[in-house]
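Residues: numbered from 1 along the sequence shown. Small disclaimer: the values here were computed from a predicted structure and weren't measured.
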Amino acid sequence: MAFIKLFRKKLEENYAYLNTIFESRNIEWGVVTKLLCGNKIYLKEIIALGVREMHDSRISNLKKIKALDPTIQTVYIKPPAKRSIESIVRYADVSFNTEIDTIKMLSKEAQNQNKIHKIIIMIEMGDLREGVMGEELVDFYGSILSLPNIEIRGIGTNLNCLSGIMPTQDKLIQLSLYKQLIEAKFNIKISWVSGGTSVAIPLILKNARPMAVNHFRIGEALFFGKDLFTGETIKDMHNDVFKLYSEIIEITEKPDAPTGELGESGVGNTYVMEDNTDLGVTSLRAILDIGLLDMQPQYIEAEDADITIVDASSDMLVIDISHSKKGYKIGDLVSFKIQYMGALYLLNSDYIEKTIG
């Protein structure tokens, strides 16, 4: 068996820390829940924190959030697909947009549903994912300003999501200038200037954020307490809200090198035998009841520092326990710290039990 556990107290403390940071600076923020893959047990935990705004990139997850609490403001955080327009308007109060034709379809559908649909215009600022080009922004904004049943909630940008471009102070100042330009051009007030995700938290802590940038979407920092500039854990936050546990199903002393004619493995790997390989070397290996169907080994780390991950097949993980002092036996659980992408795989797997500690 294998399961992932969410530690409620650590989640509550991470949330309280972030909420204090944002409230003390008059910043609005929402929790990005896409990591949870629509798991209702964990979504309820987020709602129980007092969260009133939740962001996701899957409309099916927003539907679940609305079923749990219709009063929560739901935000769809990627440009809507044409075939999802009806569902976007029904389950997302706000959506991120970059295409005029899409916004016109949202307008028409919002009229059909007798709703006001809010939109954020995303601006391309160097990371080369979604976003309207800056030189086209004024014309873009003007073309949608009077669309019925559409409220332009604000502007935003995504950084560090594709090309690794960081949200520096200069980038956020540039975003602030777009706000000033639009407000002056159209004589309107922009409510949200959404400055990005968890990667921007170090700037906020240093008070390097332009005051006009007043909204953020936070996921990784809440669940992993990570400073994405340094890779370290933010002081006073927890990096282990989630842990993975997997059961040992075999322990055997085995050679370090395979024997026989080498070919491509079932997962597409080929073992390379070095000329100086000592075929007499052995190690104590354990097999865990989890595999590539559920996780990627590069995104997990055994809490026992003396364990080495060897490799994985589709449904088994091989580890070297030769140097461990814990005396593992069949049926024992091995615990792992998880990185963000590792949790994403695990939480998306139907084969991994989800629990709360």
Validation row: [X], [Y] side chains within 4.5 angstrom (heavy atoms):
{"X": "Asn160", "Y": "Ile165", "answer": "no"}
{"X": "Ile120", "Y": "Asn97", "answer": "no"}
{"X": "Met166", "Y": "Leu159", "answer": "no"}

Would you kindly say whether [X] and [Y] are connected by a side-chain donor-acceptor distance under 3.5 Å?
{"X": "Asp56", "Y": "Thr33", "result": "yes"}
{"X": "Glu28", "Y": "Trp192", "result": "yes"}
{"X": "Ser324", "Y": "Asp304", "result": "yes"}
{"X": "Glu13", "Y": "His238", "result": "yes"}
{"X": "Thr168", "Y": "Asp170", "result": "no"}
{"X": "Asn214", "Y": "Arg209", "result": "no"}

Does the Lys NZ or Arg CZ of Lys243 fall within the cation-pi geometry relative to Phe7 - under 6.0 Å from the ring centre and within 45° of the axis? yes

Evaluate the side chain to side chain contact (heavy atoms under 4.5 Å, CB included) criterion for residues Ile155 and Lys179: first the C-alpha distance (whole Å), next the side-chain angles of each, then the deciding distance (0.1 Å), finally the verdict. CA-CA 7 Å; Ile155 59 173; Lys179 164 187 161 68; 4.1 Å; yes

Flag the pair [X] and [Y] as a salt bridge only when some basic side-chain nitrogen lies within less than 4.0 angstrom of an acidic carboxylate oxygen.
{"X": "Asp69", "Y": "Arg52", "result": "yes"}
{"X": "Glu250", "Y": "Lys254", "result": "yes"}
{"X": "Asp93", "Y": "Arg153", "result": "no"}
{"X": "Arg285", "Y": "Glu253", "result": "no"}
{"X": "Lys337", "Y": "Glu303", "result": "no"}

Would one find more than 12 heavy atoms of other residues, nucleotides or ligands at under 6.0 Å from atom CZ of Arg58? no

In terms of relative ring orientation, are Phe223 and Phe242 parallel, tilted or perpendicular, with 30° and 60° separating the classes? tilted

Would you say the ring centers of Trp29 and Phe22 fall short of 6.0 Å from each other? yes

